[in-house]
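Have a look at the structure below, then the notes.
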Amino acid sequence: MLQLLQVHTKYGQVEALSGISLEVRGSSLVALLGANGAGKTTTLMSISGILKPSSGKILFQNKDLTQLDTRKIVDLGIIQCPEGRRIFGNLSVKENLRMGAIRRKDKRHLDQAFARVFEIFPLLKDRISQAGATLSGGEQQMLAMGRALMAEPQLLLLDEPSLGLAPIIVDTIFEVIQRLKREGVTILLVEQNAHLALEIADYAYVLEKGRIVLEGSGASLRSNPDVERSYLSEVPEENL
Amino acid sequence: MSAGEYLLQQILNAVSIGSLYALMAIGLSMVFGILRLINFAHGDLIMVGSYTTLLLLLGGTPFVWASLAGIAASTVAGLLMERFAYRPIRGAPDVAMLLTSFAVTIFLENLAIILFKATSRAFPVPALLNTVVSFGNLQIASLNIISILFTIILLFLLTLFVTNTETGISMRAASQDLVAARLMGINVNRVIAAAFAIGSFMAGVVGILWSAKVGKVDPLMGFSPVLKAFVASVIGGLGSIPSAVLGGYILGALEILLQGLLPANIAPFRDALVFLILILLLLFRPNGILGSAEKEKI
């Protein structure tokens, strides 16, 4: 479904991605792991067209995305739920969700999209007219994901959905991720919490300094001693 | 005139001048909110609109039509400014954008000097804007009433726009987080153009009211209003519409208050005192009255 071929992306003067190749098959969940600054977010921002690769190809259903505007990439069904949630704090929950559906042409089905998001995250319905900034961290993550789901993504790019959240909220979020996967949404998941990510991932890539250093099925990476040493020994503090 | 009437008179004066500052500050603030650009050329949109109106008036066009054309000219000028000066350098460092706005100012002002000479010209104020209405002992300039009325209408329409239309909500979203807005698929070009169009439209309205107030136009007439609008939006907290409006009215009230309180020999330094108060305010509230500390953006 999605293929990155030798993608190089510069972030300012620094080359943040030095030739990344990876593949995400339809209806699968692929995890992208790595330390801070390894290039995970840069990879997602390159797919979304916010950052333009200096070379390489990003193919989605065999169509090259590298020359496309972010809007066109959204139109293809590639939706990103960015790191740090980045909800619109001054906008109400409803307005935030509406922004998620902004490229949808079929505004008639908007009610259905709202209903679906509220079914997945019932909490959001209770907060519908509250400003995004007044929500708790967990609620904001739900809003960010709900906003992405409003567009009915074919490929969902999830950047650090568990970052800074209480364990119980992380569980909720990961249940939703698994549910989406069951419903056929293809997911590329960036996570610092490698334990959690490898548990639900079909396949995973490990990034280091802008290169892929390791790849394999979720299960095989979990039992890989290198991964164990570099990424699984350190459980992020907020998830203890 | 009783003390109460005097007070009411001064309040009206403050609200009326504050209205003009608020309308100008909105334009500056909306653009700053999205682009982090302080568009000093915003003041020159006043000049563009006022000269257009003046030339049409001199040509015999009725005031209402001349004003509408003036407002349209400001709006078009604002859109052209965005398209040809700011869009090409979007994403450049803030300083580059600020310098570009100075360049646009210098360009427009010198163009006006070449076309219309550096001297000021009388602005023929129609009777409607030039009468004094009496309520008992209270004397109110019709211009003040009209300024306040127009501002209320424009603020009402703007509020409807930013809360009820998709473009309006997108505009607020973009001013909060431009990258997140792009990730939603928001058409950033359209949102930015809309912000310029609305701000420039309001500058056009201010231009006519301002010209009617001072009774003349000149190529550099935009300088003082844009500076005041800048102060107003900084007082309120740069980047949001409510703060711009609040800042506009506070600045208006401050000026009228100082004018009323200061002895005659200090009165000429009123603006200096206003800036002093601004500096003091910023020492305690660096992000303005309504502003909150800004988060770092990617």
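Convention: sequence-line order gives letters A, B, ...; per-chain numbering from 1.
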Please check if atom [atom1] in [X] has more than 12 non-hydrogen atoms from other residues, nucleotides or ligands closer than 6.0 Å.
X: B/Phe150; atom1: CZ; answer: no
X: B/Arg190; atom1: CZ; answer: no
X: A/Glu183; atom1: CD; answer: yes
X: A/Arg104; atom1: CZ; answer: yes
X: A/Lys63; atom1: NZ; answer: no
X: B/Phe223; atom1: CZ; answer: no
X: B/Phe107; atom1: CZ; answer: no

task = Of all the heavy-atom pairs spanning B/Met184 and A/Arg103, show the shortest one and how long it is.
result =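 Looking at all heavy atoms of both residues, the closest pair is O-CG, 3.9 Å.
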inquiry  = At a heavy-atom distance under 4.5 Å, which candidate from A/Met99, A/Glu95, A/Gln80 has the highest pair count against chain B?
reply    =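 Top option by heavy-atom pairs under 4.5 Å: A/Met99.
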key: When A/Thr70, A/Asn90, A/Leu157 are compared by non-hydrogen pairs under 4.5 Å with chain B, the top option   = A/Asn90
Rounded to the nearest 0.5 Å, how far does [atom2] of [Y] lie from [atom1] of [X]?
X: B/Thr163; Y: A/Leu91; atom1: OG1; atom2: CG; result: 10.5 Å
X: A/Ile78; Y: B/Leu183; atom1: CD1; atom2: CG; result: 12.0 Å
X: A/Ile50; Y: B/Arg182; atom1: CD1; atom2: CZ; result: 4.0 Å
X: A/Arg85; Y: B/Asp177; atom1: CZ; atom2: CG; result: 13.0 Å
X: A/Asn96; Y: B/Ile169; atom1: CG; atom2: CD1; result: 10.0 Å

query = Any side-chain heavy atom of B/Val179 sitting closer than 4.5 Å to one from A/Pro82?
reply = no
key: Region of B/Asn189 that comes under 4.5 Å of a non-hydrogen atom in chain A   =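 Neither part.
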